[in-house]
Amino acid sequence: MTHDGWADAVENLKRRTRPASEAQKKLAAFAGIRLPTQLPRLVAAARLVAALGDAVGAAESEPIHPVQKQILAGLAKRGFKVDSKPNDRTEANAWISHLRLLVRQASLEKLRLQAGDIVEVNNSAGCFAAEVSSIAETGRVYFKGGNGASAWPDQLKLKCRRDDHSAKALKARAAADNFAAHRARTDTWSESKQRELAEFEVNQSLSLAEIEQLQEVIDDAKDEKAIQDFIESCPQVLTSLLGGKSRFLLSRRSLGGKYIPDFLICDTDSAGVRWLLVELETPHSAITLNSRNDLDDVARKGVSQIKEWREWLQNNLGMARRSPREDGLGLVDIRPKSEGLVLVGRRARLKHNSGFVRNAVREDSAIRIHTYDWLVEQLLGNLQFNGPPALSPYVIPPPREKNWLFGDAV
């Protein structure tokens with residue numbers, strides 16, 4: 001059982017750390033031993049088992065292990081000492097359990113935690129902020145986001161109370177929200193997630209006439225703006241690159257007012273939602289340099305922008321995934337390292353080193369760099385393909401189904 005606040009958990013810990021019960025004392029008299037007045041009931045139980053031994057089928061007692069002595073010494077340094085020297089390994093374990101319950105009780109009484117408070121966790125998992133969701137009867141503190149995220153209260157430091165709305169508290173709460181988002185499962189798809197993205201769903205099928213219009217726009221384009229405007233008016237141009245059951249497109253979605261990706265597109269299958277971060281650059285680019293194996297300024301800018309979006313998502317994942325109704329962006333289950341696609345240049349402008357340089361970027365960064373000619377050819381091939389959309393060789397498959405980091409298409 002869990003509780004919203006510290007008080008109920010402390011009451012349970014107090015019950016578990018009481019002195020030996022009357023029933024234990026009667027049993028001790030029957031066994032011919034005497035229990036010290038304040039001997040904890042956990043230790044009393046271990047001592048009774050040792051005293052009754054063969055009568056209750058107990059295992060033969062073993063001497064105290066050196067590790068147990070170290071643990072007890074460490075607890076003693078924290079002010080929690082053994083009042084009656086343990087006789088064997090089982091009794092030493094009982095003392096360790098009892099003293100740890102006292103540690104948790106004292107920590108909870110000091111912190112006085114409530115659901116919604118923000119704490120700083122400091123243990124072998126690292127140092128991070130988390131929001132308290134509940135407190136177990138054992139004293140274990142559980143955090144928002146689920147998946148078993150929790151810590152003992154003596155590993156926690158209070159950052160702010162749930163009703164604290166100061167700038168410092170808001171910063172701590174944002175960090176805790178981000179921690180919860182990174183831990184959340186994203187391998188399922190549901191009707192509620194579908195509803196969250198419903199306004200961005202693209203149900204239209206791509207037509208040959210639309211592909212021809214796209215080709216004309218590309219041929220006449222002085223920069224990427226005209227191409228972006230056309231895709232916004234005909235979103236199936238981009239979503240046709242995905243083969244999932246449901247497909248969505250978000251255009252110029254602001255990332256906290258700091259970045260504005262050209263397009264965020266996604267599709268879904270039984271493993272959840274897969275996002276693709278899309279950046280458009282001018283078709284008047286050769287993509288690579290003649291002088292060395294490197295991207296030109298335009299292509300490098302496109303790759304850098306996707307990396308910057310990823311970094312923002314890494315640091316603000318809670319806000320990104322949260323519903324707009326809760327002041328979020330509604331990017332359901334988006335991952336900080338979502339795949340990237342930069343559309344830039346024309347095939348006729350490519351240099352001899354284009355494939356080498358772009359493949360290296362794909363392998364290192366999971367960012368595809370393709371020409372607008374590639375886009376048109378993929379769409380034509382997809383339109384003519386007969387079979388399940390997800391099996392089309394002209395769509396970008398999820399990494400979990402196929403390693404798409406390699407290839408030489410342009």
Side-chain angles (χ1 to χ4, degrees), residues 186-191 193-208 210-211 214 227-228 230-253 261-280 302 306 309-310 313 320-321 329-344 362 365-407 409-410:
T186 59
D187 57 354
T188 58
W189 184 245
S190 64
E191 290 186 7
K193 293 178 181 180
Q194 180 90 19
R195 288 194 297 271
E196 195 68 50
L197 288 169
E199 65 177 294
F200 307 108
E201 187 167 7
V202 179
N203 294 310
Q204 302 95 321
S205 297
L206 187 65
S207 69
L208 179 60
E210 289 164 338
I211 298 175
L214 172 65
I227 302 173
Q228 179 162 4
F230 178 79
I231 294 175
E232 287 178 345
S233 69
C234 186
Q236 57 269 35
V237 164
L238 274 187
T239 56
S240 293
L241 293 175
L242 306 176
K245 182 178 179 181
S246 299
R247 306 171 201 175
F248 308 87
L249 179 143
L250 288 75
S251 174
R252 310 190 206 204
R253 190 73 161 185
D262 289 336
F263 296 102
L264 303 175
I265 63 175
C266 65
D267 64 348
T268 68
D269 58 22
S270 59
V273 59
R274 180 269 299 256
W275 288 87
L276 187 66
L277 317 179
V278 183
E279 169 67 10
L280 306 186
I306 289 178
W309 304 343
R310 287 173 171 173
L313 289 170
R321 290 179 176 171
L329 302 185
L331 305 179
V332 176
D333 288 349
I334 194 167
R335 296 177 175 87
K337 295 183 180 180
S338 294
E339 307 155 65
L341 172 64
V342 178
L343 293 171
V344 57
R362 264 199 272 185
S365 306
I367 298 175
R368 289 172 170 259
I369 305 174
H370 285 302
T371 64
Y372 288 102
D373 300 275
W374 171 88
L375 173 61
V376 171
E377 290 185 358
Q378 295 299 111
L379 297 177
L380 285 170
N382 204 352
L383 189 65
Q384 297 164 3
F385 175 75
N386 292 317
L391 297 181
S392 172
Y394 300 100
V395 302
I396 299 178
R400 56 180 173 267
E401 295 176 359
K402 179 180 177 182
N403 185 351
W404 58 268
L405 293 179
F406 303 95
V410 295

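What you see below is based on every heavy atom in this structure, not just the backbone, and it leaves out hydrogens, waters and symmetry mates.
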- List the steps, then state whether side-chain contact (heavy atoms from CB on, under 4.5 Å) holds for Leu341 with Ile265. CA-CA 10 Å; Leu341 172 64; Ile265 63 175; 5.9 Å; no
- Task: Would you please test Ile231 and Val278 for side-chain contact (heavy atoms from CB on, under 4.5 Å) and show each step?
- Result: CA-CA 12 Å; Ile231 294 175; Val278 183; over 6 Å; no
- Walk me through it: do Phe263 and Leu276 pass the test side-chain contact (heavy atoms from CB on, under 4.5 Å)? CA-CA 8 Å; Phe263 296 102; Leu276 187 66; over 6 Å; no
- Query: Step by step, would you call Asp267 with Arg274 a salt bridge (Lys or Arg N to Asp or Glu O under 4.0 Å)?
  - Reply: CA-CA 6 Å; Asp267 64 348; Arg274 180 269 299 256; 3.0 Å; yes
- From CA spacing to verdict: side-chain contact (heavy atoms from CB on, under 4.5 Å), Asp269, Lys245: CA-CA 6 Å; Asp269 58 22; Lys245 182 178 179 181; over 6 Å; no
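To the nearest 0.5 Å, atom CD of residue Glu201 and atom OG1 of residue Thr268 are 8.0 Å apart. Expressed to the nearest 0.5 Å, how far OG of Ser338 lies from CH2 of Trp275 amounts to 8.5 Å. Rounding to the nearest 0.5 Å places OG of Ser207 at 7.5 Å from CD of Gln236. The distance from the CG atom of Leu343 to the CG atom of Asp262 is 9.5 Å, given to the nearest 0.5 Å. Taking CG of Leu241 as the start and CZ of Arg247 as the end, the distance is 9.5 Å to the nearest 0.5 Å. Considering CD of Gln378 and NE2 of His370, their distance stands at 7.0 Å, rounded to 0.5 Å.
Proximity of a side-chain donor or acceptor of Arg368 to a complementary backbone N or O of Arg362 within less than 3.5 Å is not detected. Side chain of Lys193 to backbone of Gly272: no donor-acceptor contact under 3.5 angstrom is found.
Shown here for Ala320 and Leu329, the closest heavy-atom pair between the two residues is O-CB, 3.5 Å. Taking both residues in full, the closest heavy atoms of Pro261 and Trp309 are given as CA-CZ2, 3.3 Å, listed atom of the first, atom of the second, then distance. Annotation for Ser240 and Val395: closest pair O-CG1, 3.7 Å, computed over non-hydrogen atoms. Closest heavy-atom contact between Trp189 and Leu197: CH2-CD1, 3.9 Å. Looking at every heavy atom in both residues, Phe248 comes nearest to Gln194 through CZ-NE2, 3.8 Å. Glu210 and Cys234 make their closest contact through CD-SG, 3.7 Å (heavy atoms, listed as atom of the first residue, atom of the second, distance).
Considering Leu249, Val202, Leu206 as possible partners of Val237, the one that fulfils the side-chain contact (heavy atoms from CB on, under 4.5 Å) test is Leu206.
In this structure, the side chains of Leu214 and Tyr372 stay at 4.5 Å or more apart for every pair of heavy atoms. Inter-residue side-chain proximity for Val273 and Cys266 is flagged as met; some heavy-atom pair is nearer than 4.5 Å.
Heavy atoms from other residues, nucleotides or ligands lying under 6.0 Å from OH of Tyr394 number 12 at most.
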